Engineer: 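Have a look at the structure that comes next, please.
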Protein chains: 2
Amino acid sequence: MHKAAVERNNDVFAAQLVPVGRETVQDRVYSELRRALIGGLFEPSQVLTIRGLADALVTSTMPVREALGRLITEKALEALPNRSVRVPPITLERIDDLLRARILIEGEAISLAATRMGPRGIATVEALLREWDEVRALKQKKDIDREVTLNQSFHFEIYRACGSAVLIPMIESLWLQSGPCIRVAIYAFSEAGEVDTAHYHRSIVAALAAQNAQAAREALVADISRPFAFLRDKLQSRARTE
Amino acid sequence: MHKAAVERNNDVFAAQLVPVGRETVQDRVYSELRRALIGGLFEPSQVLTIRGLADALVTSTMPVREALGRLITEKALEALPNRSVRVPPITLERIDDLLRARILIEGEAISLAATRMGPRGIATVEALLREWDEVRALKQKKDIDREVTLNQSFHFEIYRACGSAVLIPMIESLWLQSGPCIRVAIYAFSEAGEVDTAHYHRSIVAALAAQNAQAAREALVADISRPFAFLRDKLQSRARTE
DNA sequence: TCAAAGCAAGTGTGATCACATATCAAAATC
DNA sequence: GATTTTGATATGTGATCACACTTGCTTTGA
């Protein structure tokens with residue numbers, strides 16, 4: 001490295017313990033948008049503009065347009081023929097389609113994980129379960145964002161154990177696509193008095209601890225089907241009344 | 001629309017029959033790179049540079065960098081910590097990983113297609129089969145590119161019938177990822193005197209015509225497993241001799 | 001009063017520039 | 001002679017500009 005370059009910008013803040021692979025603005029924007037999408041912070045059918053997001057994220061348009069392009073290829077966003085981009089709208093077909101894909105792929109992932117997850121992995125997800133209980137214990141205010149995050153950590157901690165560098169990105173893409181739908185479902189749960197999600201998660205952990213792949217898959221399918229089924233009913237009844 | 005704008009660039013070539021949704025340079029570059037990747041025109045581990053591709057495709061760096069970013073999110077390319085990008089290298093684990101995912105997802109897709117593909121769809125894929133035979137009939141020169149393209153058309157014509165807007169992009173992503181591997185396998189076939197691929201394809205069509213989902217799935221699995229198994233053996237024997 | 005033309009603000013796309021970093025070979029130092 | 005330093009070139013990243021297209025509102029004319 002040039003000595004001049006070192007002197008010019010070797011400020012202590014940038015010189016962290018990561019010698020290579022620094023974080024670019026583009027990556028930051030991409031992660032930010034991903035989090036927002038998975039967390040359901042955007043409404044379905046909401047239109048996003050490059051300059052608007054750039055202002056909100058305090059950068060130029062460059063990193064935003066690249067991040068949007070990437071999200072479009074993942075089907076997390078949708079490019080309209082006008083060249084404007086929006087969050088994909090919810091339809092009955094799309095809900096069923098997404099659920100089927102998630103059952104197929106996440107089911108396979110958890111089957112693999114059931115045989116490959118060691119005691120350490122089990123302990124980790126059990127810790128997440130306890131943390132969940134703590135959050136729910138002080139349920140004075142429903143901290144939906146926190147629950148969404150914990151749910152995500154729980155699932156991906158398991159999927160990570162399947163050891164597939166191909167399946168996991170696909171699951172991430174599926175979560176990205178179902179994020180906006182799920183958010184709607186969660187609000188619906190809040191209105192309708194929700195069933196205990198933790199119960200399903202405990203079944204999953206029990207099956208994993210017993211290395212019972214089939215039971216783990218069935219418990220997982222029940223867990224991810226529930227919000228979809230709820231959302232499906234809601235959409236159908238809305239369609240009937242209109 | 002501004003009259004001035006109309007006068008300035010309403011040239012007859014641009015004014016095609018597509019009123020909206022014109023093709024951008026970025027889309028062209030992206031498709032071009034996709035084709036090259038699926039066709040296996042890039043070597044595994046090959047490093048790609050933005051400016052190099054921009055020169056080759058006769059544009060500026062702008063469209064190329066966006067296309068590369070999209071391909072990286074699809075795992076069709078790989079971002080090194082140096083921020084340079086390359087075609088992912090082939091490893092034994094990756095081959096098995098890709099094959100498992102393809103069996104899972106393409107198997108599901110063809111199962112759905114078996115019940116939903118009408119006589120018209122069957123006729124289309126049969127036509128592709130005949131075209132394939134014609135190409136193979138004049139086998140004086142092995143037109144590998146043509147065969148790769150026909151193979152791709154055959155498979156995706158079937159998958160399209162499954163009617164899933166979620167599964168099909170995932171399959172495209174899988175093909176993108178296995179493209180470079182497959183190319184290696186095809187060359188290996190050429191060296192070793194290949195088995196007749198058309199035979200497997202005929203089994204698939206027969207099963208589809210009979211609406212036998214299970215048989216279709218099995219025939220498909222045999223079809224896509226073959227090059228992977230071949231490549232796997234090749235890699236293993238190479239590892240042993242080293 | 002209503003519809004068509006015109007205009008202005010907003011938006012996506014592509015090109016170019018500036019800069020920090022990466023890479024690699026030549027030169028200098030031990 | 002081996003290792004380090006130094007410099008030149010190449011490359012990715014982010015910002016900005018120019019331009020074409022879209023959109024919505026205003027103005028104009030029947």
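These figures come from a predicted structure and were not determined experimentally. Letters A, B, ... are given to chains in the order of the sequence lines, protein chains preceding strands, and every chain is numbered from 1.
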Engineer: Let me know the distance between CZ of Arg83(B) and C1' of dA20(C), rounded to the nearest Å.
Structural biologist: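 So the CZ-C1' distance, Arg83(B) to dA20(C), works out to 13 Å.
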Engineer: Write down the distance between CG (Leu53(A)) and P (dA15(D)), rounded to a whole number of angstrom.
Structural biologist: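 Roughly 15 Å, once rounded to whole Å.
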Engineer: With distance as the sole criterion, do the side chain of Arg65(B) and the base of dG14(C) form a donor-acceptor contact below 3.5 Å?
Structural biologist: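 Flag unset: no donor-acceptor pair detected.
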Engineer: Looking at Trp175(B), I'd like to know if the NZ or CZ of Arg102(B) sits under 6.0 Å from its six-membered ring centre while staying within 45 degrees of the ring's axis.
Structural biologist: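 The answer is yes; both the distance and angle limits are met.
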Engineer: So how far is it from Ile168(B) CD1 to Cys162(B) SG, rounded to the nearest 0.5 Å?
Structural biologist: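 So the CD1 of Ile168(B) and the SG of Cys162(B) are separated by 4.5 Å.
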Engineer: Mark yes or no for whether Thr59(A), through its side chain, and Asp55(A), through its backbone, hold a donor-acceptor pair below 3.5 Å.
Structural biologist: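 Between the backbone of Asp55(A) and the side chain of Thr59(A) there is no qualifying donor-acceptor contact (under 3.5 Å).
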Engineer: Can you check the Arg28(A) CZ to dT13(D) P distance for me, whole Å?
Structural biologist: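 Roughly 16 Å, once rounded to whole Å.
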Engineer: Tell me: CG of Asn82(A) to C1' of dG10(C), nearest whole Å?
Structural biologist: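 The answer, rounded to whole Å, is 13 Å.
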Engineer: Run Leu220(B) and His155(B) through side chain to side chain contact (heavy atoms under 4.5 Å, CB included) and show every step you take.
Structural biologist: CA-CA 9 Å; Leu220(B) 177 76; His155(B) 278 91; 3.6 Å; yes
Engineer: By nearest atom, which of the nucleotides dG14(C), dT11(C), dA15(C) is closest to the Ser60(B) side chain?
Structural biologist: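 The nucleotide sitting nearest to the side chain is dA15(C).
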Engineer: Have a look at Leu48(A) and say if it touches a base, only the backbone sugar-phosphate, or nothing, with a 4.0 Å heavy-atom cut-off.
Structural biologist: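 Sugar-phosphate, no base atom in range.
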Engineer: Round to a whole Å and report the spacing from CD of Glu66(B) to P of dG12(C).
Structural biologist: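 Nearest whole value for this atom pair: 12 Å.
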Engineer: Given atom CG of Leu80(B) and atom P of dA22(C), what is their separation to the nearest angstrom?
Structural biologist: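 Rounding to the nearest Å, CG of Leu80(B) and P of dA22(C) are 13 Å apart.
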Engineer: Would you indicate which nucleotide in dA15(C), dT11(C), dT11(D) comes nearest to any side-chain atom of Arg51(A)?
Structural biologist: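 Nearest to the side-chain atoms of Arg51(A), counting from C-beta on, is dT11(C).
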Engineer: Rounded to the nearest Å, what distance is computed from the CD atom of residue Glu23(B) to the P atom of nucleotide dT13(C)?
Structural biologist: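 Interatomic distance, CD of Glu23(B) to P of dT13(C): 13 Å.
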Engineer: Which residue lies toward the 5' end of DNA chain D, Ile50(B) or Met62(B), if each is placed at its nearest nucleotide?
Structural biologist: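 Result of the comparison: Ile50(B).
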